[in-house]
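What follows is a set of notes on a single structure, which appears directly below.
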Amino acid sequence: MNKIIPPENLPELLERAYLMAGVNLAHIAAQRGLSVPKDLKRDKGWVGQLIEMELGAIAGSKPEQDFLHLGVELKTIPIDSRGHPLETTYVCVAPLHNIQGLTWQNSLVCHKLQRVLWVPIEGERCIPVGERRIGTPILWEPTPHELQLLQQDWEEIMELIALGKVDKVTARHGEVLQLRPKAANSKALTQSIAADGSLKMTNPRGFYLKKNFTASILNRVFG
DNA sequence: GGGTGATCATAC
DNA sequence: GTATGATCACCC
């Protein structure tokens with residue numbers, strides 16, 4: 001399979017992304033020498049990693065933006081026939097301890113969402129994976145209002161975590177940003193703050209963008 | 001039906 | 001376990 005050089009600058013990244021619009025996943029997979037899974041049950045990250053590869057993202061499991069040199073995070077987003085998101089969007093792992101002094105401005109959520117290249121992909125399960133088409137990419141930088149919503153949710157959730165109430169936070173907290181389990185399964189454990197300030201073990205959590213928020217981003221283009 | 005909580009694959 | 005990439009699937 002051909003290796004793809006990372007884009008040198010933002011226009012180059014955008015050009016590559018725009019060239020994929022309208023193309024289906026089987027076509028991209030064939031170029032990369034990959035086989036297409038029959039469904040995503042056991043390949044949940046397949047689409048995202050395929051697009052990463054095609055755009056020349058730096059492979060790695062670092063908690064940073066995909067195109068660090070460009071200040072861009074890449075997100076594929078499954079959409080229905082009307083262009084609405086089918087899933088929430090994972091942002092990053094939530095810190096559950098050692099969070100004294102942590103502010104919104106230096107949080108991982110804030111850094112990752114500073115600039116996102118959204119790549120919509122047809123995601124309805126009735127469409128065979130290989131036939132799903134890539135949509136028009138959207139380079140998004142949060143507006144001041146969006147930043148305010150994100151910061152407010154983040155601060156409320158982090159406050160509860162700091163108070164040792166992580167187990168009381170559900171996905172219903174937050175208007176645009178939510179906290180949900182993010183682990184291999186419900187038995188996975190990590191350290192978190194207990195009510196008395198000591199450490200206890202809890203299921204790891206991650207921050208996710210709710211569908212309505214992502215939909216409003218996509219709607220700017222698709223109406 | 002839709003959202004919340006659970007889960008899958010993989011690298012290290 | 002933690003981090004990446006996310007979607008699955010049960011329950012309300």
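Below, each value reflects all heavy atoms present in this structure, side chains not excepted, and no hydrogens, waters or symmetry copies. Naming: A, B, ... by sequence-line order, numbering from 1 per chain.
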Salt bridge between A:Arg32 and A:Glu54, side-chain N to carboxylate O under 4.0 Å? yes

Rounded off to whole Å, could you give me the NZ-to-P distance for the A:Lys168 and B:dG5 pair? 14 Å

Does A:Arg180 come within less than 4.0 Å of A:Glu87, counting only side-chain N to carboxylate O? no

Classify the side-chain pair A:Asn219/A:Ser216 by whether it contains a donor and acceptor separated by less than 3.5 Å. no

Heavy-atom closest contact (A:Leu179 atom, A:Ala94 atom, distance): CD1-CB, 3.5 Å

Within the structure shown, what part of the strands sits under 4.0 Å from A:Gly48 by heavy-atom distance: base, sugar-phosphate, or nothing? sugar-phosphate

Other residues, nucleotides and ligands only: do more than 12 of their heavy atoms fall within 6.0 Å of CD on A:Glu8? no

Footprint ends on DNA chain C, 5' to 3', for atoms under 4.0 angstrom from a heavy atom of chain A, come out as C:dG1 to C:dA9

Between A:Arg132 and A:Glu64, the residue closer to the 5' end of DNA chain C by nearest nucleotide is A:Glu64

Locate the shortest heavy-atom distance separating A:Pro120 from A:Thr136; write the atom from each residue and the value. CD-O, 3.2 Å

Please determine whether a side-chain nitrogen of the Lys or Arg among A:Asp153 and A:Lys210 lies less than 4.0 Å from a carboxylate oxygen of the Asp or Glu. no

Looking at A:Lys211, does any N or O in its side chain come under 4.0 Å of the phosphate oxygens OP1/OP2 on B:dG3? yes

With heavy atoms under 4.0 Å as the rule, sort A:Glu73 into base, sugar-phosphate or nothing. sugar-phosphate

What does A:Asp66 touch in the nucleic acid at a heavy-atom separation under 4.0 angstrom: a base, only the sugar-phosphate, or nothing? sugar-phosphate

Would you call A:Asp66 and A:Lys112 a salt bridge, taking side-chain N to carboxylate O under 4.0 Å as the test? no

Within residues 175-195 of chain A: residues closer than 4.0 Å to DNA chain B (heavy atoms): A:Gln178, A:Arg180, A:Pro181, A:Lys182, A:Ala183, A:Ala184, A:Asn185, A:Ser186

Any base atoms under 4.0 Å from A:Thr76, or only sugar-phosphate, or nothing? Heavy atoms, all strands. sugar-phosphate

Nearest whole angstrom, please: distance from the P of B:dG2 to the CZ of A:Arg172. 17 Å

To the nearest Å, give me how far apart NE2 (A:His173) and C1' (B:dT4) are. 14 Å

Between A:Trp104 and A:Leu150, what is the shortest heavy-atom contact and its length? CH2-CB, 3.7 Å

Interatomic distance where CG belongs to A:Leu40 and P belongs to B:dT10 [whole Å]: 14 Å

What nucleic acid atoms does A:Arg125 come within less than 4.0 Å of, heavy atoms only: base, sugar-phosphate, or nothing? base

In whole angstrom, give the distance that lies between atom CG of A:Leu50 and atom P of B:dA9. 19 Å

How would you list, by chain and number, every residue that makes a side-chain contact (heavy atoms from CB on, under 4.5 Å) with A:Asp39, sequence neighbours excluded? A:Lys41

Distance, rounded to the nearest Å, where A:Tyr90 contributes OH and B:dG3 contributes P: 21 Å

Within this structure, what is the CH2-to-C1' distance between A:Trp46 and B:dA11, rounded to whole angstrom? 20 Å

For A:Tyr208 and B:dT7, give me the distance from atom OH to atom P, rounded to whole Å. 12 Å

